[in-house]
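Shown below is the structure under consideration.
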Amino acid sequence: MTSPSPQARIADLVAGTLHAYGIRHAFGIPGGEVLTLVDALRLAGIRFVLTRHETPAAFMAAGANAIANTPGVLVTTLGPGLANAVNAIADASQEHVPLIVVSGVVDHDIRHRYTHQVLDHAKLLNGIVKDSFEIESDGAAATTARAIELALTPPFGPVHIDLAPGTAIRPASPGEIIAAPPQEIVLPPSDDDAGLVNLADLLGKAKRPLLLAGFEAARQDAGPEVLQLCERLNAPLMTTYKAKGLVDEDHALCLGGAGLSPLADKSLKEILSAADLIVLAGYDPIEMRQGWLDPFHDDQTVIDLQGAPCSHAMHRCDVRVSGPLKATLAAIATRIEPRTESWPQGEPAKAHTQLTKSFAAPADWGAHAVFETLQEMADADAVITVDSGAHRILLCHTLRMHRPLRLLQSAGFCTMGIALPMAAGVKAVAPNETVIAVLGDGGLEMGIGELATLRDEGLNITVLVLQDESLALIELKQKKLAFERCGVGLGKTRFEDIATAFGGHGVRVSSRGSLLQELKSAATRQTFSVIVCDIEATDYIDRI
């Protein structure tokens, strides 16, 4: 812990504590009630990034968290400022993002008389934050640290802090210090633990074992341990969408992502049903859909390995193991003799072949061709963010990811408008990363003002837009229900012209060759690039 300067304000204690926990960026829109805090952030060495709307600001904070592995910070003014961010705070809740939401609030002495822009922030956020605190004159640093620690307690999530302007500017109490995180020591499981021995024995006897891994395995960097266990058992691996790249998807045992595409799930659930033992590793079914309710039958053994239990009623399990995921996986794998006799009928290889065939490009140009070209261009280190929609489903089965946390998306909440701001958050904290945002025309129009944030912050991001003049996924669902097309059509916005008006580079393409060339040029450009791909909404029919 460190002492603040003699002239320190309460806001300086808050900002200093955020900095002590490794936070270097905050995102939001200031108002009069948070100006002292914004000044304190600057003095503490935390860059405040001005956005055009509070919801994208929180998405930027989520992108920053994914790469920097420190809590994201959202700053809003009172009332409408905080209310604007509710969608993204709910996303942080369901996506398990450790997000610190700091909002201004009316001062105590007029709070019960003054009504302009006043609402109960805690009640507004009840149900989507882990807790809500208010910074008072005493214990400001301790309260801030408590909020951060709660956000970082598994399962991660958003925590809200109110800070009144009169409190923020008040001098810090003599002797109050900036709080810093404690040293964390995680003890591995004991090698002679009877439960571990029995668990390894159970896995070793399985004839058709299968692993299903989730986002927590990716966030805890448990890919090497997952791969070791898969190879020891000769077991195929499925992941959730957010865990893509946990193990290099070119590996023969990797079957890719599951949970949203009926086309993919047809093959994946067949092999899931054929397994006699299923290991869930850092898996939270919040990323899955109704088709994954009760996916395991009675004669299958289901083992759930979790760093922290997740609350759901999606499926049963027979054995639940709580503990540090990486260490637990490694301890199990080392007790299992390598084997080659699993899956004697070769079902995993057959499923892999069928999946590849199902998502092969049907034409020289279209959504499939866009993503095959993107695969050709983007190296293993590129960070790709993708918005919700039909294009996301196709992208997640077309792109092969080679590293974890390189494909970022909203998979539990599945909100639209996230790809562009999340990419901005990544680039803000990691300016040397190659960052590509993939979204549809509806998603870009939802948050197009953030192109100005890219310009002002100098973020040279590639924005890849698939323009089909439709909310294509919803249109597909209308067709399936035999409804008339209604409320899903979009006009043909000239995004390339808008990109130029915002100070970036804009271009429209309609072939693989031109797309490849523009992707290469965008990677060397100093400003952001918007590449618009003309496609048809019908590209997705019976192909996702």
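Only heavy atoms go into these numbers, but all of them, side chains included; no hydrogens, no water, no symmetry mates.
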### Polar side-chain atom of D284 near backbone of I286 as donor-acceptor pair, under 3.5 Å
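Here the side-chain-to-backbone pair exists.
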### Message
Distance alone, cut at 3.5 Å: any donor-acceptor contact between the side chains of T301 and D318?
### Response
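Result is no, nothing qualifies.
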### Min side-chain heavy-atom separation T70-N65 under 4.5 Å
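Contact flag for T70/N65 side chains = no.
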### Query
What's the spacing between R316 CZ and D294 CG if we round to 0.5 Å?
9.0 Å
### Task
Kindly check if the number of other-residue, nucleotide or ligand heavy atoms within 6.0 Å of CZ (R24) is above 12?
yes
### Query
Mind checking whether L420 and L451 have side chains closer than 4.5 Å, heavy atoms only?
yes
### Query
Aromatic rings H116 and Y114: how do their planes relate, parallel, tilted or perpendicular, breaks at 30° and 60°?
perpendicular
### Query
In terms of side-chain heavy atoms, does E450 have a donor or acceptor partner in T51 at a distance below 3.5 Å?
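The criterion, which ignores hydrogens and geometry beyond distance, is not satisfied for T51 and E450.
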### Task
Please say which of T55, D91, N87 ends up in a side chain to side chain donor-acceptor pair (under 3.5 Å) with T415.
N87
### Message
Would the distance check show the side chain of K427 and the main-chain N or O of E433 forming a donor-acceptor pair, the cut-off being under 3.5 Å?
### Response
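Looks like yes, one N/O pair under 3.5 Å.
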### Gap between atom CD1 of I461 and atom OG1 of T385 - 0.5 Å precision
7.5 Å
### Message
Is there a side-chain contact between V530 and F502 in this structure, where contact means two heavy atoms from C-beta onward sitting under 4.5 Å apart?
### Response
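They are not in contact (no side-chain heavy atoms under 4.5 Å apart), so the answer is no.
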### Query
Would a distance-only check, ignoring hydrogens and angles, find a side-chain to backbone donor-acceptor pair under 3.5 Å from H121 to V105?
no
#### Entry: CZ (R485) with more than 12 external heavy atoms under 6.0 Å
yes
### Any donor-acceptor N/O pair, K242 side chain to S410 backbone, under 3.5 Å
no
### Message
Could you check whether any side-chain N or O of E149 sits under 3.5 Å from a backbone N or O of R146, counting only pairs where one atom can act as donor and the other as acceptor?
### Response
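Not confirmed, E149 side chain does not pair with R146 backbone.
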### Query
Within the side chain of Q467, is there an N or O that forms a donor-acceptor pair under 3.5 Å with the backbone of T493?
yes
### Query
Does atom NE2 of H112 have more than 12 heavy-atom neighbours, drawn from other residues, nucleotides or ligands, at distances under 6.0 Å?
no
### Query
Quick check: are there more than 12 heavy atoms from other residues, nucleotides or ligands sitting under 6.0 Å from CD1 of I169?
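No, not enclosed.
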### Query
When the ring centroid of H397 is compared with that of Y241, is the distance short of 6.0 Å?
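Yes.
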